[in-house]
Amino acid sequence: MKTLIKNGMVVNSTGTVSADVLIDGETITAVLAPGSTLLGFDIESNVDTVIDADGKYVIPGGIDAHTHMQMPFGGTEASDTFETGTRAAAWGGTTSIVDFVVQYAGESVLDQYALWQQKAASNCAIDYGFHQILSDVQDSSLIAMDELLKEGVSSFKLFMAYKGVFLSDDGQITKAMQKAATNGSMIMMHAENGSVIDLLVQQAIAAGNTSPLYHGLTRPWQAEEEATHRAIMLANLTGAPLYVVHVSAKQAVAQIAAARDNGQNVFGETCPQYLYLSLEENLGAPGFEGAKWVCSTPLRSKAEGHQHHMWQALRTNDIQMVSTDHCPFCMKGQKDMGIGDFSKIPNGIGSVEHRMDLLYQGVVESNISLERWVEVTSTTPARMFGMYGKKGVIQPGADADVVIYDPHGHTSIGMPEEGRTKTHHMNMDYSAWEGYEIDGHVDTVLSRGKVIVDNNEYIGAKGDGRYLKRSLSQYLI
Ligand code: DUC
Ligand code: ZN
Ligand code: ZN
């Protein structure tokens, strides 16, 4: 099966050119000047399918390197399965995810890995890889880190918060980092001081401050900055590379920037919610509404300027990439577990479908360039997590994961209503992004050469996605 995407503007992180893209089977085989012939043959009449991308951008498929499909968490389970969540991702122009295998204290890392492979197998609409969460760092976990590298799991997430659930103490973190420093894997860190947060939460509830706003007020930026600094110091001590996930506080950004200036292999990820949403406007919404936006790290104050600073950090490369931390819960039956006690609201926001659009709006509003859009949503995730070459770029030899994006189209994000055109396909009974208007539209999505979204229709199938066996991060030597 040969496909020609003609007349488009091909956008890579390195630049934008008018070009035709030739695909043979699952692979891009040529990027050519528009209307080129090949060995004297007219290409258009020698392919099976021609897609006209005139006036549109042709970009590498989005890579969301931080999702939690069907994750057991907060006394419930994230509402998107691997099937529904990856289908929604496809709708939004994301063609690969990297999800997290969960290991709770006492569990075997390798058993959990096998379990997560089973959950995802034959269910995903797009390609998928795994990071591994380590909670208690047992001796067997250190051996598993080597074993998992061979399986293509080259990154390990640790938590400095959620005591009794995920939290690793500093000794456990140091042990895992020592291993990463020797086997070349990446340590990912949820950087918030869990003990401080637990105390503030207890005090807030005891004082009768139970509304969702207090979720944010009990997870202050100081707890994020302190933990980010501590993680950087432990990485410095051990020589491990460090990737700080879901950075929301400008003070944490400053810690990451300082470490990078110091020559340390430290990287930072933010999420759309920390670029657009805020403590005052969202977590502080009337009644229980704010529960829609309870996630950790929390939304930060707009008055303090965190969002503005985060866009700036994306431009200056103090922050390298944008994932979603997609961890959706419905209001009814899940988030409402926390009515009267914000600490019982399951933590998470669903955005996997909207990340490409929301970041494109950053191009429209001159917060980032067109090429930087591609870089932070696709190219850097591919490089950071050992997929580049196959993913994250439109070039010969790459997987034909291609999105045709219409800058003249429009996307309105509303509530998921019955009987109307759906404005999202995530398994959620509300949208964290209701009311957002995007001056662009995902037109066509190809996953390894197969058209899976076309003309506002999903035409892929469950099980199209293939497991991504990842290499080491390409940012490390
Ligand atoms: N934060 C969330 O909001 N949800 C999942 C886990 C996390 O760290
Ligand atoms: Zn986290
Ligand atoms: Zn997460």
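Values in this document were obtained by computation on a predicted structure and should not be read as measured data. The first residue in the sequence is number 1, and the count goes up from there. Atoms within each ligand, like the ligands themselves, are counted from 1 in listed order.
No heavy atom of Phe166 sits closer than 4.0 Å to any atom of ligand 1.
Within His246, NE2 is the N, O or S atom that lies nearest to the Zn ion (ligand 2). Within Asp325, OD1 is the N, O or S atom that lies nearest to the Zn ion (ligand 3). The minimum distance between the Zn ion (ligand 2) and any N, O or S atom of His190 involves atom ND1.
Near Cys295, with a cut-off below 4.0 Å to any heavy atom, the atoms of ligand 1 are 3 (O). Taking every heavy atom of His246 and a limit of under 4.0 angstrom, the matching atoms of ligand 1 come to 8 (O). Remark: ligand 1 atoms within the under-4.0 Å shell around heavy atoms of Ser296 are 1 (N), 2 (C), 3 (O), 7 (C), 8 (O). Against a heavy-atom cut-off of under 4.0 Å, His190 is close to the following atoms of ligand 1: 8 (O).
There is a side-chain donor-acceptor pair under 3.5 Å between Tyr274 and Thr297. Between Glu289 and Asn282, the side chains place no donor N or O within less than 3.5 Å of an acceptor N or O (distance only, hydrogens not considered).
Under the 6.0 Å cut-off for aromatic ring centres, Phe73 and Phe166 qualify, their centroids lying closer than that.
Using a 4.5 Å cut-off on side-chain heavy atoms (C-beta onward), Val294 and Leu283 make contact. A heavy-atom distance below 4.5 Å is found between the side chains of Leu299 and Gln273.
In terms of heavy atoms, His66 sits closest to His68 at NE2-NE2, 3.2 Å.
For atom 4 (N) of ligand 1, the closest non-hydrogen atom of the protein is Asn347 O, 2.9 Å. Atom 5 (C) of ligand 1 has Cys327 SG, 3.6 Å as its closest protein atom, hydrogens excluded (heavy atom only).
For a threshold of 3.5 Å applied to N or O pairs, the pair formed by His68 and ligand 1 contains no separation below that value.
The 12-atom threshold is not exceeded at NZ of Lys344, counting heavy atoms of other residues, nucleotides or ligands nearer than 6.0 Å.
Figure legend: cation-pi geometry between Arg355 and Tyr276 absent, as NZ or CZ is not positioned both under 6.0 Å from the six-membered ring centre and within 45° of its axis.
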Could you walk me through whether Ser248 and Glu224 pass side-chain hydrogen bond (donor to acceptor under 3.5 Å, both in side chains), step by step?
CA-CA 8 Å; Ser248 65; Glu224 185 181 343; 2.8 Å; yes

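For a distance bound of 2.8 Å, the N, O or S atoms of Val245 include none lying that close to the Zn ion (ligand 2). Within the coordination shell of the Zn ion (ligand 3), defined by N, O or S atoms under 2.8 Å, His66 is present.
The proximity of Asp325 to ligand 1, defined as any non-hydrogen pair under 4.0 Å, is limited to the side chain.
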